[in-house]
Amino acid sequence: MTTHTRLTNREVAAILAGVAARLQILDANRFRIIAFQNAAESIRTLAQDINAIDAAGELTSIQGVGKGIGDAIHTLLVNGSDPEFDALFAQVPQGVVDMMQVPDMGPKKAKRLWEELGIDSVAALRAAAEAGKLRDLKGFGAKSEEKILKGIELLAKRTERGDGERMPIGVVRPLALHMIAELQAKLPAGAIERIEIAGSLRRWKETIGDVDILCLSAQPALVMETFRTLPEVADILGAGETKSSVVLGNGLQVDLRVVERKHWGAALQYFTGSKEHNVAVRELALKQGWSLNEYGLTATGAGDAPAGEERFFEEEADLYAFLRLEWVPPELRENRGEVAAAQQHTLPALLTLADLQGELHGHTTWSDGVASVAEMAEAARARGYHYWNVSDHSVGLGIVQGVDGEKLRRQRVEIDAYNRRCAEADIDFRLLQGSEVEILADGALGLPDDVLAGLDVVVASIHSAQRQDRETITARCLKAIYNPHVDILGHPTGRLLGERPPTEIDMERILQACRETGTVVEINANPARLDVNDLYARRAVELGCKLAINCDAHSPQDLTLAEYGVGVARRGWLTAADVINTRPVDAMLALLKDAQRNAHDQP
DNA sequence: GCCGTTTTCGGCCCGACTGTTTTCAGTCG
Ligand SMILES: Nc1nc2c(ncn2[C@H]2C[C@H](O)[C@@H](COP(=O)(O)OP(=O)(O)OP(=O)(O)O)O2)c(=O)[nH]1
Ligand SMILES: [Mg+2]
Ligand SMILES: [Mg+2]
Ligand SMILES: [Zn+2]
């Protein structure tokens, strides 16, 4: 019996991060601080509910959670608070922690301003800087004040955007590609030998903190000068000999690093990250007697090579190979087991965009799509697909004109006619007829079973009453999953990146039910959704589920979004075998039929 | 505070850029 509300993974992670921040300000042991940061990050990126893990007594199985932090989390979950954490939170005000969000304001500066000038909020910091009160402090000058004011402005700009400082990959990626194209166009031919996106964008993370670009050039100064003067650049944060940092008008930061050829391999490895992956690889290198930085390896003397001996790598793969590691696809570089797998040479063969044979969720003018059935089919064929499931919305969705049984009968005629034309022209393409059937508030579906039975592939999803409590919305989806006509659970968590948090749905129970019934879990590739995300995708496969990658296209252009879904899948360690729409149409349909035959009654 | 195909103790990644530092700390990548 608990009297407090259940803490989410995100909330527990935030508390641990808050502890780490306060320990930083109090100048605690730096490894203790890192331990709390690591535990926070680990829990933030956990696919399973921390309460369930605690209930199973398995907290210390979480990477970075040992006895100390494990016990504290347990106390937190059971009592709603932990006395030692409470003391830390009472000791250092939130406002002082908030000050560390200001660029160039770290724990040391925040501590001194707090202790020596009593500044305990970003607002107070701004006032003091504007009044010129900071320059009296040793180590601070007029420039520091200026920088702090600029930093506060930048912070405000970043936080006024919905979700805070990170932007969805779907927004950032086109901007980054555009900047690279501009750079290449503005520079003389040959100035850029190689240029590549690095950082979280190369790893296809769903949100991007900043863009990182690596460039190989014999004229670094020219490249960076050109970069800093691109039209979209609003401000220059830093400009040194090897790297520059700028801010665009929309608040997005872009970092450029320029290197010479012999450093390319190590530099790309470094700049791709993640930080946690880099640390893991560098620790492994040390065990082999080599110190790794962004230039290459230097022997420490602890191994066979004499101390000071250097190794350089023109290609990233050469560096991994030297460390006796399989080359790690960037999407896996999150220190979630990939380094160990690379050592064993057991990394998964990740699926690729080219593996997709068709899609199973998309819309036409029969509901809220902007193109006809034939137009969408042509677009799908142009993508190299061999099938596409017409899954217009069912009735039950307020604003959208739904497709009922009668309309489906007429739509079937149109689909059959298109397929007949393909067959006559000997074209290996087939339209399927389905529905994106609404899971109504009580778990009933927006179409009757006898109508669903006549469809090829049924996607069930939620677009309304998304604020139901955890038990209600989970039971609602379970009911749909156990309907034998439902083939795919569409965008299961309902989140919209930067706009709407996921519903309270218990994904562990949902995924277990999907595995039980053979219901396929969707990776909705629309970059506003990316739902399920990488973590749930990986968990789904662990539990034995199959997945489908769908653009949920409402227009022909939307089909280009598939690459974002593939990014999620690869980050979830998925192979082609895990994703049903990598199969030819008949094999894919046979798989769904099998699941239907083996369907269980809902317990 | 966490962790272990060399360890249950003794490690824990490494460098660029900035400012006022007169020799390097702080912050960030
Ligand atoms: N070895 C090492 N590499 C780091 C560290 N911090 C950052 N890096 C590397 C790996 C990162 O992927 C890369 C770019 O840094 P960013 O701060 O931009 O991080 P990243 O792009 O991964 O995520 P983001 O979405 O920008 O927050 O630099 C560090 O502390 N140590
Ligand atoms: Mg970045
Ligand atoms: Mg960066
Ligand atoms: Zn849809």
Side-chain angles (χ1 to χ4, degrees), chain A residues 16 19-20 23-25 27-42 59-73 84-85 99-113 134-135 137-148 150-151 198-200 209-214 220 224 236-245 253-259 263 266-267 269-298 300 302-303 324 335 339-340 343-344:
Chain A
L16 293 174
V19 169
L23 289 175
Q24 276 188 303
I25 287 170
D27 205 18
N29 177 285
R30 67 192 197 90
F31 298 111
R32 195 164 162 244
I33 294 165
I34 291 170
F36 276 96
Q37 287 171 337
N38 286 343
E41 178 62 14
S42 216
L59 283 177
T60 53
S61 72
I62 300 168
Q63 193 176 82
V65 176
K67 175 126 179 43
I69 294 180
D71 286 349
I73 293 173
E84 286 181 43
F85 290 180
M99 281 158 52
M100 288 198 291
Q101 293 298 306
V102 177
D104 295 320
M105 180 66 54
K108 298 288 195 292
K109 287 186 191 171
K111 178 187 168 75
R112 288 196 52 208
L113 292 173
L134 304 187
R135 63 188 71 181
L137 240 58
K138 202 166 81 181
F140 286 81
K143 276 210 177 141
S144 326
E145 283 176 351
E146 220 174 282
K147 212 167 179 175
I148 283 168
K150 217 157 104 174
S200 50
D210 70 11
V211 174
D212 304 282
I213 299 171
L214 184 69
M224 286 197 285
I236 297 166
L237 296 178
E241 285 176 16
T242 70
K243 65 180 194 183
S244 292
S245 265
Q253 183 178 327
V254 185
D255 295 345
L256 174 71
R257 186 131 188 191
V258 185
V259 301
H263 297 145
Q269 195 284 325
Y270 152 74
F271 214 28
T272 298
S274 65
K275 170 182 182 249
E276 290 75 14
H277 174 84
N278 287 356
V279 170
V281 172
R282 287 172 182 206
E283 283 175 348
L284 182 74
L286 279 176
K287 285 188 195 154
Q288 299 180 10
W290 297 91
S291 169
L292 173 61
N293 61 24
E294 64 265 50
Y295 300 104
L297 293 170
T298 309
T300 61
R324 300 194 289 279
N335 195 29
V339 176
Q343 274 183 290
Q344 318 285 327

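First the proteins, then the strands, lettered A, B, ... as listed; each starts at 1.
As a whole-Å value, the separation of A/L23 CG from B/dG1 P is 9 Å. Rounded to an integer number of Å, the gap from CD1 of A/I236 to P of B/dC17 is 14 Å. Going from atom CD of A/Q343 over to atom P of B/dG4 covers 12 Å, rounded to whole Å. A straight line from CD of A/Q24 to P of B/dG1 spans 16 Å, rounded to a whole angstrom. To the nearest angstrom, P of B/dG29 lies 15 Å from CD1 of A/I213. Computed from coordinates, the A/F271 CZ to B/dC28 C1' distance equals 12 Å when rounded to whole Å. The nearest whole Å value for the distance from the CG atom in A/N335 to the C1' atom in B/dC3 is 13 Å. Atom P of nucleotide B/dG29 and atom CG of A/L256 are separated by 15 Å, given to the nearest angstrom.
Remark: A/T300 pairs with A/L286, A/S291, A/A302 by the side-chain contact (heavy atoms from CB on, under 4.5 Å) rule, at least two apart or across chains. Judged as a side chain to side chain donor-acceptor pair (under 3.5 Å), and not counting sequence neighbours, the contacts of A/E41 are A/R44. For A/Y295, the ring pair (Phe, Tyr, Trp, His ring centres under 6.0 Å) partners two or more places apart in sequence, or in a different chain, are A/H263. Among residues two or more places apart in sequence or in another chain, the side chain to side chain donor-acceptor pair (under 3.5 Å) test is passed with A/K111 by A/E115. With sequence neighbours excluded, no residue forms a salt bridge (Lys or Arg N to Asp or Glu O under 4.0 Å) with A/R30. Partners of A/K147 by salt bridge (Lys or Arg N to Asp or Glu O under 4.0 Å), not counting sequence neighbours, listed by chain and number: A/D104.
For A/R324, the CZ atom sits in a loose shell: 12 or fewer heavy atoms of surrounding residues, nucleotides or ligands are nearer than 6.0 Å.
Judged as a side chain to side chain donor-acceptor pair (under 3.5 Å), the pairs with a partner in residues 63-73 of chain A (not counting sequence neighbours) are, in order, A/K67-A/D71.
Using a 4.0 Å heavy-atom distance criterion, A/V19 is classed as making no nucleic acid contact. Note on A/E241: only backbone sugar-phosphate atoms sit closer than 4.0 angstrom, heavy atoms only; bases stay farther off. Among the atoms of the strands shown, only primed sugar atoms or phosphate atoms (P, OP1, OP2) are found under 4.0 Å from some heavy atom of A/V65.
When atom types are taken as modelled, the side chain of A/E145 and the backbone of A/L134 share a donor-acceptor pair closer than 3.5 angstrom. Here the side chain of A/D255 pairs no donor or acceptor atom with the backbone of A/D212 at under 3.5 angstrom.
Two residues, A/K109 and A/M224, neighbour DNA chain B, and the one matched to the more 5' nucleotide by heavy-atom proximity is A/M224. Two residues, A/S244 and A/I62, neighbour DNA chain B, and the one matched to the more 5' nucleotide by heavy-atom proximity is A/I62.
Residue A/Q344 places no side-chain N or O under 4.0 Å from the OP1 or OP2 atom of B/dT5.
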Exercise. Once each nucleotide of nucleotides 6-15 of chain B is scored for protein heavy atoms under 4.0 Å, what B/S/- sequence comes out, 5' to 3'?
Worked result: ------BBBS
Seminar exercise, completed: A correct 5'-to-3' footprint of nucleotides 18-24 of chain B, with B, S and - meaning base, sugar-phosphate only and no protein heavy atom under 4.0 Å, is SSS----
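Here the closest non-hydrogen pair linking A/L292 and A/A285 is CB-CB, 4.2 Å.
B/dT21 sits 8 Å from B/dA25 when the C1' atoms are compared, rounded to a whole Å. When the C1' atom is used for both B/dT6 and B/dG11, the distance is 14 Å, rounded to whole Å. Comparing B/dC9 with B/dC14, their P atoms sit 25 Å apart, to the nearest whole Å. Taking atom P on both nucleotides, B/dT20 is separated from B/dG15 by 26 Å, rounded to a whole Å. A gap of 28 Å separates the P atoms of B/dG19 and B/dC13, to the nearest Å. To the nearest whole angstrom, the two P atoms, one in B/dT22 and one in B/dC28, are 23 Å apart.
Pair check for B/dT8 finds none; no Watson-Crick or G-U wobble contact set falls under 3.5 Å.
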